[in-house]
K.L.:
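Please read through the structure below; I'll follow up with questions.
Throughout, a chain's letter reflects where its sequence line sits, starting with A, and its residues are numbered from 1.
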Amino acid sequence: MRTQIEQVGAQFIALTTSFAQGFWFSLQLLWAVPSALLRVGEWMRQLYFAGVLSLLIIMVAGFFVGMVLALQGYNILVSFNATEIVGQMVALSLLRELGPVVAALLFAGRAGSALTAELGLMKSTEQLSALEMMGLDPVKRIFAPRFIAVLLALPMLAMLFSVMGILGGYLVAVPGLSVDDGAFWAQIQASVSWDEDVINSMIKSLVFAVTIGLVALFQGVQAMPTAEGVSRATTNTVVHSSLLVLGLDFVLTALMFN
Amino acid sequence: MSEIMIDIQDLSFSRGSRLIFDRVSLQIPRGKVTAIMGPSGTGKTTLLKLIAGQLTPTHGRVLVDGLDVHQLARVDLFNLRKRMGMLFQSGALLTDLSVFDNIALPLREHTKLPEAAIRTLVLMKLEAVGLRGASELMPSELSGGMSRRVALARAVALDPQMIFYDEPFAGQDPIGMGILVRLIRNLNDAMGLTSVVVTHDVDEVLTIADHAVVLSGGRVIMSGSVEALRASQDPWVHQFIYGEADGPVAFHYPAQDYKQQLLAGVQ
């Protein structure tokens, strides 16, 4: 009995400690961002790894999601004789929800996990210690440029996801299901508002980017310097950031569209 | 200038509930090669991290050239670290930079030297470790011994006053070992360094060390000249230095009675 109580206590202490460490880590990281912005070369290189290398998966996924949306939407709308608004439906679903959320989930799996694994390995091969021993701060040198790259990459990728989705929806609806071409675009133009939909979509992506960046980097530094530790941290990154993205999405949606 | 470069006073350190150092005091003389030896798991690497201020002791203090490492502000600590070089067991080269850029990194970050001067300095450091020809390679293309030599060149890039070697001989073939042994001694004498070599490769390190410290079970077992160490009558030190299989450190891991355990399976 006592050991169970002790276990609960120990878990609680571990949880609060890790929260405190995460908070402290985030503060240090955010503090280092402005000076790291000046090192353009470094974050540009990271932007290539986080952004350019995620292009394919994001674009292909966006394309298919858009096609599926158009297909499913058409099947319902056809019974109301309202198939012209399939464009509006695809565009709004993508911009408001699926673009930022699915892109963030894919990004967490593709770039977030890669970041964690990279940092975990740098830690286990003592590269981070070596930087400290040279009198260089790894937060400034290693973490901040990667964080900046994530912040820049995800909003752009999410926007691209939505664009590809609309394109996929168009291909299914107009040539495929013979929805009127002009009506498809006119409905999108009439219903999508810049402030409410596009800007909010970008805000969502930016919040998700901060979340994924912090989780991935923190898991990387916290990883036990063993093969098992790095693999567990990588899994944690994907699980934690996915859940946080979905939870935050609900909060943001409630704030933005009510 | 005091004869003592690093003065460890009454140092205790524990990790979780395990006490790693129990009120250890030792001095590391200036300008000499000091060997710190002990069996695996005695916290030799931890001692280096304590000296460099990467870990904080639970008790006691570490004075490096008169400065209390753990009382320094972060900026001062980073400045002190520019006077220290550390050779990590794994080399710890940054894997995304070439050999040249790895060595140039501390110079580019901490000095305002023009690129031409940095190039000259990097090539000089590489020449000193015999790897000038490898300057364009990536760390993944180097053998274990080579990456340790590159790391050594990086560790001395800023012309530090002291250099710490963490298990420099581990996993080296005889030639690589011979090269490293010679490099440690030559660099120490040529650059007027204070070298600290943490290792359990007793034979290799005792050929170049001036001063030796033996750690075990969180305490200093012996500290003195290499001759004194070799002549030590202490049975534990004797077993360690000559690598005997049985002695005060038993060959058998503690276990229940052998006969009883065998018979228990029969019944």
K.L.:
Side-chain contact, heavy-atom cut-off 4.5 Å: A:Asp137 with B:Phe78?
P.N.:
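With C-beta onward as the side chain, the pair touches.
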K.L.:
How long is the gap from OG on A:Ser129 to CG on B:Leu48, to the nearest 0.5 Å?
P.N.:
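Going from OG on A:Ser129 over to CG on B:Leu48, the span is 11.5 Å.
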K.L.:
Looking at A:Lys140, I'd like to know if its NZ atom is crowded, meaning that more than 12 non-hydrogen atoms belonging to other residues, nucleotides or ligands lie closer than 6.0 Å.
P.N.:
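12 or below, so no.
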K.L.:
Taking A:Arg141, A:Glu118, A:Met122 one by one, which has the highest count of heavy-atom pairs under 4.5 Å against chain B?
P.N.:
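Counting heavy-atom pairs under 4.5 Å, the top option is A:Arg141.
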K.L.:
Just how far is it from atom CE of A:Met134 to atom CG of B:Asn102, taken to the nearest 0.5 Å?
P.N.:
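Answer for the CE-CG pair, A:Met134 versus B:Asn102, is 7.0 Å.
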K.L.:
Pick one of side chain, backbone, both or neither for A:Leu131, based on which atoms fall under 4.5 Å of a heavy atom in chain B.
P.N.:
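Side chain only.
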K.L.:
Measure across A:Gln127 and B:Leu93 and return the closest heavy-atom pair with its distance rounded to 0.1 Å.
P.N.:
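Nearest heavy atoms, A:Gln127 then B:Leu93: CD-O, 3.3 Å.
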K.L.:
Can you establish whether the number of heavy atoms outside B:Glu115 located under 6.0 Å from its atom CD is more than 12?
P.N.:
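Yes, enclosed.
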K.L.:
Please check if the number of heavy atoms outside A:Arg110 that lie under 6.0 Å from its CZ is greater than 12.
P.N.:
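Yes, enclosed.
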K.L.:
Please name the pair of heavy atoms, one in A:Ala130 and one in B:Phe88, separated by the smallest distance, quoted to 0.1 Å.
P.N.:
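Looking at all heavy atoms of both residues, the shortest contact is CA-CE1, 3.4 Å.
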K.L.:
Need one label for A:Ser124: side chain, backbone, both or neither, based on atoms under 4.5 Å from any heavy atom in chain B.
P.N.:
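Contact with chain B is absent: no heavy atom of A:Ser124 under 4.5 Å.
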K.L.:
Has A:Met44 got more than 12 heavy atoms of other residues, nucleotides or ligands less than 6.0 Å from its CE?
P.N.:
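No, not enclosed.
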K.L.:
Is the backbone N or O of B:Ala92 less than 3.5 Å from a side-chain atom of A:Thr125, with the two atoms forming a donor-acceptor pair by type?
P.N.:
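Answer holds: no.
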K.L.:
Could you have a look at B:Arg81, B:Arg154, B:Met84, B:His110 and say which one has the most heavy-atom pairs with chain A under 4.5 angstrom?
P.N.:
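Counting heavy-atom pairs under 4.5 Å, the top option is B:Arg81.
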K.L.:
Roughly how far, to the nearest 0.5 Å, is CE of B:Met86 from CD of A:Glu132?
P.N.:
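One gets 10.0 Å once the value is rounded to the nearest 0.5 Å.
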K.L.:
Heavy atoms only, distances under 4.5 angstrom: which of B:Glu109, B:Arg74, B:Lys82 has the most pairs with chain A? Name it, please.
P.N.:
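Looking at each option in turn, the highest pair count goes to B:Glu109.
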K.L.:
More than 12 heavy atoms of other residues, nucleotides or ligands under 6.0 Å from CZ of B:Arg119: is that the case?
P.N.:
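It does not: B:Arg119 CZ has 12 such atoms or fewer within range.
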K.L.:
Search all heavy atoms of A:Arg45 against all heavy atoms of B:Asp96 and return the closest pair with its distance.
P.N.:
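Scanning both residues, the minimum pair turns out to be NH2-OD2, 3.1 Å.
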K.L.:
Can you name the closest pair of heavy atoms from B:Gln89 and A:Glu126 and give their distance?
P.N.:
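Looking at all heavy atoms of both residues, the shortest contact is N-OE1, 3.8 Å.
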K.L.:
Chain A: which of B:Thr95, B:Leu80, B:Leu77 shares the most heavy-atom pairs with it under 4.5 Å?
P.N.:
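Between B:Thr95, B:Leu80, B:Leu77, the count favours B:Thr95.
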K.L.:
Would you say that more than 12 heavy atoms from the other residues, nucleotides or ligands in this model lie under 6.0 Å from the CZ of B:Arg108, or not?
P.N.:
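Counting neighbours around CZ of B:Arg108, more than 12 heavy atoms of other residues, nucleotides or ligands fall under 6.0 Å, so yes.
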